Number of protein chains: 2
Amino acid sequence: MDRVKLFNDFLSQKGLKSTSQRKLILETFLESESHYSTEELYLKLRKEHPRIGYATVHRTLKLFAECGIAAERNFGDGQTRFESVHADEHHDHLVCTNCGLIIEFEDQKIEELQKLVASQHNFKIENHRLELYGLCEDCRSQK
Amino acid sequence: MDRVKLFNDFLSQKGLKSTSQRKLILETFLESESHYSTEELYLKLRKEHPRIGYATVHRTLKLFAECGIAAERNFGDGQTRFESVHADEHHDHLVCTNCGLIIEFEDQKIEELQKLVASQHNFKIENHRLELYGLCEDCRSQK
DNA sequence: TATCTTTCTGAAAATTATTTTCATTTTCTT
DNA sequence: AAGAAAATGAAAATAATTTTCAGAAAGATA
Ligand SMILES: [Mn+2]
Ligand SMILES: [Mn+2]
Ligand SMILES: [Zn+2]
Ligand SMILES: [Zn+2]
């Protein structure tokens with residue numbers, strides 16, 4: 001896997017150490033394409049590895065973000081979430097306010113229009129967030 | 001002022017009371033078009049009204065949001081901000097990551113494309129947030 | 001391999017924004 | 001004016017995140 005190598009390179013470049021915990025956390029993080037909060041990943045890990053510490057999980061997720069293999073997200077539920085980043089890909093989110101479902105999308109026209117808006121204000125965009133909150137297909141029909 | 005009436009109607013409809021603090025906080029909140037955190041508004045109020053309590057300011061801002069005359073925003077600095085809402089208007093934000101400047105914009109094409117994305121996923125949008133982070137004109141030239 | 005230095009870990013404490021509690025005060029209805 | 005209901009402000013509680021710190025582990029060096 002490529003992101004495992006990216007992380008290992010990041011660690012050695014920073015003089016940080018490769019530990020069993022970091023390997024485990026990265027492996028589990030990459031296993032699913034979830035948008036994990038620290039709490040959620042910690043609880044998942046603890047099932048198989050009861051000795052793991054919350055602080056270690058959190059610190060490691062922050063390292064992933066610093067390294068660039070993960071991105072921090074906030075969907076307004078008061079918890080920072082981390083999602084795996086795929087090389088140079090970008091996407092935005094549809095978030096179901098009823099069941100929490102997260103759908104990813106990318107719309108090139110919207111991206112272009114954002115750049116246009118920024119240039120109209122002499123603004124240099126570093127990053128952006130676009131989130132559409134509402135009801136997903138299932139939750140709509142259940143009403 | 002219209003939003004003063006809106007808030008008073010909201011209070012009486014909910015069986016809540018009109019107090020000197022609520023009047024003062026609303027008046028000060030409406031005075032400027034800022035994006036206030038509780039802390040910021042509290043500090044501003046305290047200069048003239050040292051007896052005002054932080055909790056009262058915060059509770060009142062939440063009431064404004066519930067009433068619909070204010071909206072809660074999060075620009076990623078860890079503080080919830082409140083801004084005055086103008087009837088049925090909507091806007092998104094450019095946020096300077098260097099000086100904190102906030103520029104408001106509305107782009108009808110982007111809004112349309114958002115609806116299109118949502119409909120492609122059978123998603124019913126309730127609300128959305130679009131924030132473009134980067135450097136404002138001044139901060140760009142100072143680099 | 002043994003030793004040494006540095007970093008890491010996990011538990012607990014600290015921090016920070018927000019929310020709640022509660023005794024007292026204020027509003028506003030009889 | 002009296003009573004009921006709600007509001008206030010200070011302090012405590014809560015919750016997510018971050019930091020501290022003593023002991024453990026990694027990995028460089030001899
Ligand atoms: Mn995502
Ligand atoms: Mn605004
Ligand atoms: Zn749903
Ligand atoms: Zn700026």
Side-chain angles (χ1 to χ4, degrees), chain A residues 7-29 35-67 70-82 100, chain B residues 7-29 35-67 70-82 100:
Chain A
F7 186 56
N8 287 333
D9 290 354
F10 170 81
L11 289 180
S12 55
Q13 197 212 329
K14 284 246 175 186
L16 304 179
K17 289 173 177 170
S18 177
T19 68
S20 63
Q21 289 92 336
R22 284 175 177 165
K23 284 177 208 156
L24 170 67
I25 294 166
L26 179 54
E27 188 184 318
T28 308
F29 178 69
H35 297 75
Y36 280 116
S37 66
T38 300
E39 178 81 12
E40 285 169 0
L41 185 53
Y42 167 67
L43 290 175
K44 175 164 192 178
L45 285 161
R46 212 175 52 167
K47 287 178 188 165
E48 299 273 323
H49 307 270
R51 306 297 317 278
I52 198 111
Y54 180 98
T56 301
V57 176
H58 189 258
R59 281 185 286 232
T60 304
L61 284 170
K62 297 291 269 187
L63 281 181
F64 294 169
E66 195 186 336
C67 159
E72 294 189 36
R73 302 285 184 193
N74 254 284
F75 296 133
D77 65 349
Q79 293 208 296
T80 299
R81 291 171 183 284
F82 295 83
Chain B
F7 186 55
N8 286 332
D9 290 354
F10 170 80
L11 289 180
S12 56
Q13 198 212 329
K14 283 245 173 185
L16 304 178
K17 290 172 178 171
S18 178
T19 67
S20 62
Q21 288 91 339
R22 284 176 179 165
K23 284 177 209 157
L24 170 68
I25 294 166
L26 179 54
E27 188 185 319
T28 308
F29 177 70
H35 298 75
Y36 280 117
S37 67
T38 300
E39 179 81 13
E40 285 168 0
L41 184 53
Y42 167 66
L43 291 175
K44 174 164 192 178
L45 285 162
R46 212 175 50 168
K47 287 178 189 166
E48 299 273 322
H49 307 270
R51 305 296 320 274
I52 197 109
Y54 180 99
T56 301
V57 176
H58 189 259
R59 279 185 288 230
T60 304
L61 284 170
K62 299 290 270 187
L63 281 182
F64 292 170
E66 194 186 337
C67 160
E72 295 189 36
R73 303 284 184 195
N74 257 282
F75 297 131
D77 66 348
Q79 292 208 299
T80 299
R81 290 172 184 283
F82 295 82

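These values consider heavy atoms only, across backbone and side chains, with no hydrogens, waters or symmetry-generated copies. Within every chain, numbering begins at 1; the chains are lettered A, B, ... in the order of the sequence lines, protein sequences first and strands thereafter. What you see is a predicted model; the values in this text were computed from it and never measured.
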Any donor-acceptor pair under 3.5 Å joining the side chain of R59(B) to the base of dT21(C)? yes
With a 4.0 Å limit, can you tell me whether K17(A) has a side-chain N or O closer than that to the phosphate oxygens OP1/OP2 of dA25(D)? no
Using ring-ring contact (aromatic ring centres under 6.0 Å, His included), reason through F64(B) and F29(B) one step at a time and then give a plain yes or no. CA-CA 10 Å; F64(B) 292 170; F29(B) 177 70; 5.4 Å; yes
How many whole angstroms separate atom CZ of R22(B) from atom P of dT8(D)? 5 Å
What is the distance, to the nearest angstrom, from the CG atom on L11(A) to the C1' atom on dT9(C)? 15 Å
Q21(B) side-chain N/O to dG9(D) phosphate OP1/OP2 under 4.0 Å: yes
Nearest to the side chain of K62(B), heavy atoms from C-beta on, is which of dA6(D), dT27(C), dT19(C)? dT19(C)
Within the structure, does a side-chain N or O atom of T56(A) lie under 4.0 Å from either OP1 or OP2 of dG10(C)? yes
To the side chain of A55(B), which of dT27(C), dA6(D), dA11(D) is closest? dA11(D)
Taking only N and O in the side chain of Q79(A), is any of them less than 4.0 Å away from OP1 or OP2 of dA15(D)? no
For R51(B) and dG9(D), is the shortest distance between a side-chain N/O and OP1 or OP2 below 4.0 Å? no
May I ask you to evaluate whether T80(B) reaches the phosphate of dT18(C), defined as a side-chain N or O under 4.0 Å from OP1 or OP2? yes
So what does S18(A) touch, heavy atoms closer than 4.0 Å: a base, only the sugar-phosphate, or nothing? sugar-phosphate
Reckon T19(B) has a side-chain N or O less than 4.0 Å from the OP1 or OP2 of dT8(D)? yes
Rounded to whole Å, how long is the line connecting atom OH of Y54(B) with atom C1' of dT14(D)? 14 Å
If you compare all heavy atoms of C67(B) against all heavy atoms of F7(B), which two are closest, and at what distance to 0.1 Å? SG-CA, 3.9 Å
Nearest heavy-atom approach of Q79(A) to S37(A) is OE1-OG, 3.3 Å
If you compare every side-chain N and O of H58(B) against the phosphate oxygens of dT19(C) (OP1, OP2), does one of them come in below 4.0 Å? yes
